[in-house]
Every structure is written in C-alpha cells, then in structure tokens.
Amino acid sequence: MEKRMEKESANRIRKVEYLRILAMFAVIVNHVNVAALHIFDYSEVMADAYVSYGMHVLSRFAVPCFFSISGYLMLATGYQVSIKKLVEKSIWKYGMCILVFGTGFAWMELVFDERCLSLVQFPEAFDAMLRGKTWDHMWFLYEYLGLLFLLPVIKIFWEHATEKEKLFILISGFLLTSVGSVFSLGIRYPLNGYGICFLFGGYLHDLESRKRYIKKMVPICMGIGASVLMLVLAYFEHYYGSDIADVLLDDTSIPVLALSASLCILFLLNSDTQTVPKSVQFVSRNSFGVYLYHMVWINVLYKVIKLNPFSFSTLGMLLCIFLVIGSTFLFSVTTACLSKKIPFVKMLV
C-alpha cells in the first residue's frame with residue numbers, strides 16, 4: 001500500500017515538473033515579447049509586431065498555470081498546513097523575496113533611467129517595493145503571498161466541502177470574475193481569478209485521486225479553440241485598439257483561463273507514468289530562480305546591449321526573439337545556480 005502511494009505521489013510530482021517548466025518558458029516568452037513592444041518603436045513594422053504580440057498573448061496562460069499547480073499540490077489530501085510551517089517556510093520566504101529582489105529590481109530600474117548608481121536612490125527603490133511598483137514580473141509574488149495568508153482557511157473548506165460545493169465555488173467564481181469583468185459587473189467576489197485557478201488545481205487533484213479522467217480530445221480542442229480566439233482578439237487589439245479585446249486578453253479572462261485549464265488537464269489529470277530525465281529535474285528545481293532573474297537579463301539585452309528585434313526583417317526579428325529567449329533562459333539558470341552558493345540568497349531561490 002505504501003509503495004503504491006509513493007509511486008502515485010512520484011507520478012504527480014513528475015507531471016507537475018513538466019507543467020512547471022512549460023509555464024516557466026511561457027513566462028520568459030511573454031516578457032521577452034512584451035518588453036520589446038514597450039521599449040522599441042514598431043510603428044513601421046506593425047505586422048512583425050503583431051507576431052511578437054501574438055506570442056505574448058498565447059503565453060499568458062503561465063501565471064494561471066502556476067496558481068493551479070500550487071492548488072494541485074497544497075490542496076492535496078496528504079498536504080498538512082500548520083500556521084508555524086506556513087509562516088516560517090512560505091510566507092517568510094516569499095516576503096523576503098519581495099523585500100530583497102523587489103527593492104533590488106526597483107533600484108536597477110532607477111539606475112537604467114538615471115544612468116548612475118547612488119545610495120540616494122535606495123529610499124525611493126524601497127518605497128517602490130512597498131507599493132508594488134517594482135519590475136512587472138514581481139506582481140506574482142505579491143499576489144501569491146496574499147493567497148498564502150488565506151491558505152489555512154481555504155484548506156479547511158476544501159477538506160470538508162462536498163464535490164457539489166466545490167463545483168459551485170469554481171463555477172460561480174469563474175462567472176463573477178472572468179465573465180463578470182467583460183460586462184463590468186458590480187458584484188465583487190472574495191477570491192479573484194487567480195484564487196479560482198488555485199481551487200481548480202485542487203479540484204483536478206480530487207478527480208485524479210478518484211481516477212476520474214477526461215478524454216484528451218476535450219482539453220486539446222478547448223486549448224486550440226482558445227488559442228485561435230486569443231490570436232483573433234490580439235489582431236483587433238493590436239491594429240484597432242479594441243477595448244473589449246483588451247479585456248478578453250487579461251490573465252484571468254475567459255480564453256486565457258480556458259487555455260490554462262486545458263494544459264493543466266492534459267498534464268495533471270492523466271494516468272501516464274513516465275520517467276523524468278535529470279536535466280528536466282535540474283531545470284524544474286531552478287525554475288523559481290529563473291523566474292526571479294529572467295527580467296534582469298531581458299533588460300540587459302534590450303536596454304544595455306540595445307538588441308532591437310524590430311530593426312531586422314521578419315525572419316531576423318523571429319531569430320532575434322528566439323535568441324533573446326534562449327539567452328535569457330541560459331543566463332537565468334546560470335544565475336540561479338550561482339545564487340545557491342550565496343548563504344542567505346540560496347534560501348530564497
């Protein structure tokens with residue numbers, strides 16, 4: 001019995017590792033493209049910019065996936081949550097990450113803008129960190145940290161709720177957050193779209209525990225349909241500045257959540273057993289460090305080296321984007337590994 005449980009647990013971890021790595025790459029793809037669109041002028045190459053914007057839009061599934069992965073693991077039956085463990089290990093870690101890296105990145109932005117390094121900039125950087133005005137990718141930690149404070153209450157509800165009650169929360173939450181945002185409803189749901197993604201991950205774990213799987217064609221068709229819709233909406237938003245298209249491309253919008261859900265179902269809700277190469281395990285272990293450091297290298301490549309993808313032909317633009325993505329990944333993994341040699345920092349990455 002114990003061996004069977006260990007095997008099932010290992011299988012769950014393997015599936016999580018693959019999905020985590022996919023989401024990590026999607027984060028890099030997202031920020032490489034959106035940074036290029038924000039930093040460089042593309043008015044003369046709108047078609048090339050649309051290709052870049054399309055990659056940015058399609059990769060927006062990453063953050064909902066990360067929240068679903070957390071829910072899949074933390075809302076599992078065997079996962080124990082104590083206030084002491086939660087504060088000492090999780091809340092402290094992510095709080096310190098915001099303090100150290102949030103302040104550091106805000107300071108780096110001041111250095112990029114003012115072209116100088118000064119201790120006078122530190123108070124301004126610290127204030128920016130407190131107000132969440134540091135580099136854009138850090139917002140995930142602010143959001144995740146807030147969710148951790150609610151975890152003990154969510155966990156109690158999840159352990160005692162019936163399947164109908166869980167479905168009610170998921171469906172009503174989806175309708176009032178994602179669908180509600182389209183029509184600007186005045187009703188405010190206690191959990192935002194990311195909280196619903198967290199609960200969705202827990203629900204997938206419940207289904208897997210009961211061996212209730214979904215035919216693969218269902219999430220595949222849902223994912224393809226969502227991707228096509230996102231590209232169509234991206235076209236109208238990019239060329240015509242459509243407000244409704246912009247709303248429907250938010251991280252917790254209907255098509256983005258549909259794409260994220262389809263990937264979570266494909267990766268997490270299946271009975272396949274597969275071995276994981278050491279290289280995959282290595283990347284998965286360093287995925288959080290890659291998340292922390294990737295914007296450093298994107299800014300270096302774009303703001304210091306001045307590598308402008310839109311200064312090339314269409315093929316050159318694509319090659320440049322892929323070069324930045326690959327370089328950012330390699331540099332970030334290397335930085336994450338080196339950080340683990342530093343006594344205090346290694347506890348954070």
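Hydrogens, waters and symmetry mates are skipped; everything else that's a heavy atom, side chains included, is used.
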Supply the atom-to-atom distance [X] [atom1] to [Y] [atom2], rounded to the nearest 0.5 angstrom.
X      : Y      : atom1 : atom2 : answer
Phe267 : Ile21  : CZ    : CD1   : 9.5 Å
Ile254 : Leu229 : CD1   : CG    : 9.0 Å
Ser59  : Ile28  : OG    : CD1   : 10.5 Å
Ile321 : Ser52  : CD1   : OG    : 4.5 Å
Leu266 : Ile220 : CG    : CD1   : 5.5 Å

Are [Y] and [X] connected into the same hydrophobic cluster when the rule is that any two of I, L, V, M, F, W, Y join if their side-chain heavy atoms are below 4.5 Å apart?
X      : Y      : value
Phe149 : Leu151 : yes
Phe344 : Ile98  : yes
Leu315 : Met46  : no
Leu319 : Val324 : no
Phe312 : Tyr42  : no

Could you tell me how the ring of Tyr302 sits relative to the ring of Phe40: parallel (under 30°), tilted (30 to 60°) or perpendicular (over 60°)?
-> perpendicular

Verify the distance criterion only: is there a donor paired with an acceptor across the side chains of [X] and [Y] at less than 3.5 Å?
X      : Y      : answer
Asp206 : Trp158 : yes
His31  : His137 : no
Glu114 : Gln121 : yes
Tyr213 : Glu208 : no
Thr335 : Trp297 : yes
Thr177 : Asn192 : no

Exceeds 12 heavy-atom contacts within 6.0 angstrom, atom [atom1] of [X]:
X      : atom1 : result
Tyr239 : OH    : yes
Tyr240 : OH    : no
Asp127 : CG    : yes
Phe140 : CZ    : yes
Glu44  : CD    : no

Mind checking whether [X] and [Y] have ring centres under 6.0 Å apart?
X      : Y      : answer
Tyr194 : Tyr144 : no
Tyr293 : Phe331 : no
Phe200 : Tyr72  : no

What pairs of residues pass the side-chain hydrogen bond (donor to acceptor under 3.5 Å, both in side chains) test when at least one of them lies in residues 77-105, not counting sequence neighbours?
->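 side-chain hydrogen bond (donor to acceptor under 3.5 Å, both in side chains) check on residues 77-105 returns no pairs.
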
Using modelled atom types and a 3.5 Å cut-off, is there a donor and acceptor pairing between side-chain atoms of [X] and backbone atoms of [Y]?
X      : Y      : answer
Lys155 : Met74  : yes
Asn299 : Met295 : yes
Lys346 : Lys341 : no
Arg20  : Ile69  : no
Ser260 : Val256 : no

Using the side-chain contact (heavy atoms from CB on, under 4.5 Å) rule, pick out the option among Leu249, Val29, Asn33, Val51 that qualifies with His56.
-> Asn33

Ion pair check, Glu124 and Lys133, cut-off under 4.0 Å =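 Between Lys133 and Glu124 there is no salt bridge, as every charged N stays at least 4.0 Å from the carboxylate O atoms.
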
For [X] against [Y], the heavy-atom pair lying closest together:
X      : Y      : value
Met230 : Leu259 : SD-CD2, 4.0 Å
Ala226 : Ala258 : CB-CB, 4.0 Å
Gly102 : Met138 : N-CE, 3.8 Å
Val27  : Ala62  : CG2-CB, 3.6 Å
Pro219 : Ser262 : O-CB, 3.1 Å
Tyr189 : Ile169 : OH-O, 3.2 Å

Compare all side-chain heavy atoms of Phe288 with those of Met24 and state whether any distance is below 4.5 angstrom.
-> no

Compare all side-chain heavy atoms of Asn30 with those of Arg60 and state whether any distance is below 4.5 angstrom.
-> yes

Run the ring-ring contact (aromatic ring centres under 6.0 Å, His included) check on Phe66 and Tyr291 step by step: do they pass?
-> CA-CA 11 Å; Phe66 278 128; Tyr291 159 77; 7.3 Å; no

Residues forming a side-chain hydrogen bond (donor to acceptor under 3.5 Å, both in side chains) with Tyr53, sequence neighbours excluded |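 By the side-chain hydrogen bond (donor to acceptor under 3.5 Å, both in side chains) rule, Tyr53 matches Glu237.
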
